[in-house]
There are 2 protein chains.
Amino acid sequence: MCAKLVLFMLHDDPLPSRLSSDVYNVLRRQIVTGELRPNQPLIELDLAERLQVSRTPVRESLQRLAHAGLVVPRKRGWAVREFTPDEIRQNAELRMALEGYAASLAATRGSPSDIAAIVAIHERRLKLRRSDEEMRVKTNRDFHDAIMRASGNGRLTDAIYHSGQFYFNTPIARATTGEELALGNADHALIVAAILKRDGAAAERAMRAHIQRTFAVFWRVTGLAEPLQVQPR
Amino acid sequence: MCAKLVLFMLHDDPLPSRLSSDVYNVLRRQIVTGELRPNQPLIELDLAERLQVSRTPVRESLQRLAHAGLVVPRKRGWAVREFTPDEIRQNAELRMALEGYAASLAATRGSPSDIAAIVAIHERRLKLRRSDEEMRVKTNRDFHDAIMRASGNGRLTDAIYHSGQFYFNTPIARATTGEELALGNADHALIVAAILKRDGAAAERAMRAHIQRTFAVFWRVTGLAEPLQVQPR
DNA sequence: GCACACAAGTTTGCATACAAACTCGGTTTC
DNA sequence: GAAACCGAGTTTGTATGCAAACTTGTGTGC
């Protein structure tokens, strides 16, 4: 059930059918969901046997995981990366930069149909019952996806996806994710309003504020400073 | 000489001494500098022989290059990625988001010594002779580096580095890089002024405008729409 | 003269082989 | 009893082996 929450932004990375890609996607899921614990050493032969492949595809996927920042090199071999609270803060800021900009692009140049899609998802979400957690997770993801799509920038979208896998495998991140789902609608409404007004600056501010509030639990628990204050009008 | 220009943001990616890392760094340089041409197929055995290693480290570094977006999969094997004008535009926008945010963080929470370093680099750059191209390249890079460092966000810094390797191996990118160096000082002065005033919003606007102007040649030549207008105060 | 087929040669994707580097338990020495 | 040393057992980093998939060029049929 936690795994379900946690996967709300995880997309697979497809290559023309290659074993190493399958291994990559499986390991990534297992790291992000915490099935493979932080700091756990990754033994090539273990993984290979568990996944019924030889060491070669495992090693290749470890290279990709390392580049993605999910796995860190030891003197010998690799281990699941453990994120410090400060790294999680940094990643939240990164998301503020990326998703904020995506929102402003969506507002200033999203096509009418892009924007209609955003509104439709938002309205569908308003009608959900509080108990329907699965649907709340899905529509939250859809909402953010629709904004990225409306930004007309695939590079930006990719960067957002990447930043999304970064702060999952910690207990605090789970609380955060829960909070995001709870307070979502009010924040989303502000974002939608700004986009409908075609006000890029307002959309960017609203999205940054949304992400910042999403992490409110986190700042409180860790006692870390909050990221950059959202600029007042 | 073009290679020198083009390398202004390229840092190596060190792992505890492993052959595949060396191969990765070499190939990355060769792709970014255009020594390996876009769309050129990468034959494992060729590369292995040229670099005097076996196919294994070559294959592993290709996985990393693929994740970095510098190499694309073919049905079989890999080729150097060719960037379309639109992808280059997208990457420019990504840089506006990332470096703009870094500038605002530098302004609002950079330490006095961080900011002193930025000012010092800027002033050193003002004194350069027009002919001293190599020094202009270096100080430009130093300037952007100093701002990233002052942002206090290594994740953001990494993302900026990554975005920096994206649009090199095109002729247009070279012209762009040239222009950036020519008009740099005026733009840099605006950024420095905003940072000294501790005005995050102004620093962010100035940095975005700087990157946007850097690509002016590019928008003109390709006839593509410019990215998001910088928001007026 | 054109197209299709077939075979030789590449080149890959995956598996495995092997030596070097590290780990860790036990034993010896002080 | 603690520390240092040794060696068996892992586990890695790199090289190589092998069959399947693709490419290419030639020859054959129409």
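Computation of the quantities below employed the complete heavy-atom set of this structure, encompassing side-chain atoms and omitting hydrogens, waters and symmetry-equivalent molecules. Residue numbers start from 1 in every chain, and the chains themselves are labelled A, B, ... in the order their sequence lines are given, proteins ahead of strands. Everything numeric in this text was worked out from a predicted model, so none of it was measured.
The CD atom of A:Glu49 sits 11 Å away from the P atom of C:dT16 (whole-angstrom rounding). Between the CD atom of B:Gln63 and the P atom of C:dT12 there is a distance of 13 Å, rounded to whole Å. Separating the CG atom of A:Leu45 from the P atom of D:dG9 is a distance of 17 Å, rounded to the nearest angstrom. Rounded to a whole Å, the CH2 atom of A:Trp78 is 11 Å from the P atom of D:dT12. Rounded to an integer number of Å, the gap from CZ of B:Arg74 to C1' of C:dG13 is 18 Å. One can place NZ of A:Lys75 at 11 Å from C1' of C:dA21, the figure rounded to the nearest angstrom. In this structure, B:Arg59 atom CZ and D:dG17 atom C1' are separated by 14 Å, rounded to whole Å.
Residue B:Leu62 is out of contact with every strand shown, counting any heavy-atom pair closer than 4.0 Å.
The aromatic rings of B:Phe143 and B:His122 lie tilted to each other, with the angle between the two planes from 30° to 60°.
Outside the 6.0 Å centre-distance limit, the rings of B:His162 and A:His162 are not counted as a close aromatic pair.
Side-chain polar atoms of A:Asp114 and A:Ser111 form a donor-acceptor pair below 3.5 angstrom.
For B:Asn91 (side chain) and B:Ser163 (main-chain N/O), a donor-acceptor pair under 3.5 Å exists by modelled atom type.
Of the candidates A:Arg59, A:Arg64, A:Arg18, A:Arg64 is the only one forming a side chain to side chain donor-acceptor pair (under 3.5 Å) with B:Gln63.
The nearest heavy atom of DNA chain C to A:Gln52 and to B:Arg76 marks one nucleotide each, and the one closer to the 5' end goes with B:Arg76.
The phosphate of D:dA15 has OP1 or OP2 within less than 4.0 Å of a side-chain N or O from B:Ser54.
With distances taken from any side-chain atom of B:Leu19 to the nucleotides C:dA15, D:dT11, D:dT14, the minimum falls on D:dT14. Among the nucleotides C:dA15, C:dG13, D:dT11, the one closest to any side-chain atom of A:Ile43 is D:dT11. Comparing C:dG13, C:dA15, D:dA20 by their nearest atom to the side chain of B:Glu44 picks out C:dG13. Among the nucleotides D:dA15, C:dT16, C:dT12, the one closest to the side chain of A:Arg55 is C:dT16.
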